[in-house]
Amino acid sequence: MNKLQLNGREIEVQDSDLSMTLLRFLRERHFLYGVKNGCEQGLCGSCTIVVDGKAMRSCKFPVQKAVGKSLITIEGMEYPDGRVHPIQQAFMDAGAIQCGFCTPGMVLAAYVLLLENPQPTREQIRKALRGNLCRCTGYQHIIDAVELAAKIMHDQGLPVQAGCLQGQSA
Ligand code: FES
Ligand code: FES
């Protein structure tokens with residue numbers, strides 16, 4: 001049986017789903033609509049999810065390749081008690097969300113950056129998010145949000161780890 005970890009839980013994957021893209025698998029089989037379909041061509045970043053700690057475009061990632069791996073979508077960022085992750089909170093506080101379509105991908109790309117580099121410069125943030133397009137914000141508030149999230153987690157000693165993984169070793 002094919003298995004993978006999805007937002008901290010082990011799930012089984014049917015053989016018939018192995019040829020789907022993760023974008024379609026997550027939306028159509030698991031109803032995770034935070035995984036956005038912007039272009040389905042690997043161009044916009046709105047379908048970004050985290051695969052084994054790396055930001056990946058789910059529209060270009062076959063389910064087959066995800067077997068045995070750990071996936072996090074925006075739905076996995078919040079804590080089991082319903083509190084949002086500090087990165088999500090910072091996006092709201094910094095006014096970095098307008099229509100919200102790009103936000104899940106932006107938050108997850110920021111998450112991967114902060115996992116690797118908890119105190120990035122604005123330039124490093126810009127670079128990490130450059131593959132994620134936003135038609136609304138002009139990007140400045142998004143950079144502000146990631147900077148704010150880094151500061152809050154640092155100042156309050158909060159772990160970067162996604163809410164669904166809190167209490168787990170991975
Ligand atoms: S939907 Fe995947 S990159 Fe645009
Ligand atoms: S907030 Fe609308 S696309 Fe970014």
Side-chain angles (χ1 to χ4, degrees), residues 4-7 11 13 16-78 83-116 120-152 160 162-164:
L4 55 81
Q5 292 280 326
L6 176 56
N7 291 333
I11 61 160
V13 182
S16 53
D17 290 345
L18 289 173
S19 60
M20 296 176 89
T21 62
L22 277 180
L23 171 68
R24 287 186 175 267
F25 176 74
L26 294 169
R27 288 178 61 91
E28 293 171 18
R29 298 287 188 266
H30 292 278
F31 313 109
L32 295 171
Y33 299 120
V35 189
K36 298 296 181 198
N37 182 357
C39 68
E40 224 171 348
Q41 295 182 52
L43 300 174
C44 72
S46 60
C47 66
T48 299
I49 63 166
V50 182
V51 180
D52 279 355
K54 302 284 177 206
M56 294 288 172
R57 286 161 192 231
S58 61
C59 70
K60 287 298 196 186
F61 205 107
V63 172
Q64 171 95 60
K65 256 179 76 182
V67 170
K69 294 188 167 31
S70 166
L71 275 47
I72 297 173
T73 70
I74 195 67
E75 290 84 354
M77 289 299 282
E78 70 179 35
R83 281 176 305 128
V84 296
H85 189 278
I87 301 175
Q88 294 172 294
Q89 188 63 51
F91 268 67
M92 291 188 266
D93 293 345
I97 304 174
Q98 288 190 27
C99 81
F101 193 84
C102 69
T103 309
M106 289 284 186
V107 167
L108 292 171
Y111 171 65
V112 168
L113 168 67
L114 296 175
L115 276 178
E116 291 170 358
T121 63
R122 285 182 78 81
E123 197 43 45
Q124 287 169 330
I125 296 169
R126 212 170 274 124
K127 200 171 160 198
L129 301 184
R130 72 185 160 196
N132 291 68
L133 305 184
C134 175
R135 65 192 166 188
C136 307
T137 64
Y139 300 100
Q140 292 310 313
H141 289 307
I142 291 175
I143 312 289
D144 295 344
V146 181
E147 231 180 5
L148 177 64
K151 179 171 170 22
I152 285 172
V160 178
C164 70

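In each ligand, atom 1 is the first atom listed, and ligand 1 is the first ligand listed. For reference, positions follow the sequence shown, starting with 1.
Listed here is the closest heavy atom pair of Cys99 and Cys136: SG-SG, 3.7 Å.
Each protein N/O/S atom under 2.8 Å from atom 4 (Fe) of ligand 2 was counted, for a total of 2.
Checking side-chain atoms of Arg27 against main-chain N and O of Lys36 turns up no donor-acceptor pair under 3.5 Å. When atom types are taken as modelled, the side chain of Gln124 and the backbone of Thr121 share a donor-acceptor pair closer than 3.5 angstrom. Listed for the Asn7 side chain is a donor-acceptor partner under 3.5 Å among the backbone atoms of Thr73. The closest donor-acceptor contact from the side chain of Tyr111 to the backbone of Ala162 lies under 3.5 Å.
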Please output the side-chain donor-acceptor pairs of residues 49-59 that fall under 3.5 Å, not counting sequence neighbours, one pair per line with the distance.
from	atom 1	to	atom 2	distance (Å)
Asp52	OD1	Ser70	N	2.8
Lys54	NZ	Glu116	OE2	3.2
Arg57	NH1	Gly42	O	2.7
Arg57	NH2	Gly131	O	2.7
Ser58	OG	Cys47	O	2.7

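Arg83 has no carboxylate O lying under 4.0 Å from a charged side-chain N of Glu78, or vice versa, which leaves the two without a salt bridge. Ion pairing of Asp144 with Arg122 is present here, as a side-chain N (NZ or NE/NH1/NH2) and a carboxylate O approach within less than 4.0 Å.
Applying the side-chain hydrogen bond (donor to acceptor under 3.5 Å, both in side chains) test to every pair with at least one member in residues 93-109, sequence neighbours left out, gives these pairs: Gln89-Asp93.
Counting only distances under 2.8 Å, and ignoring water, the protein N, O or S atoms around atom 2 (Fe) of ligand 1 are Cys47 SG, Cys59 SG.
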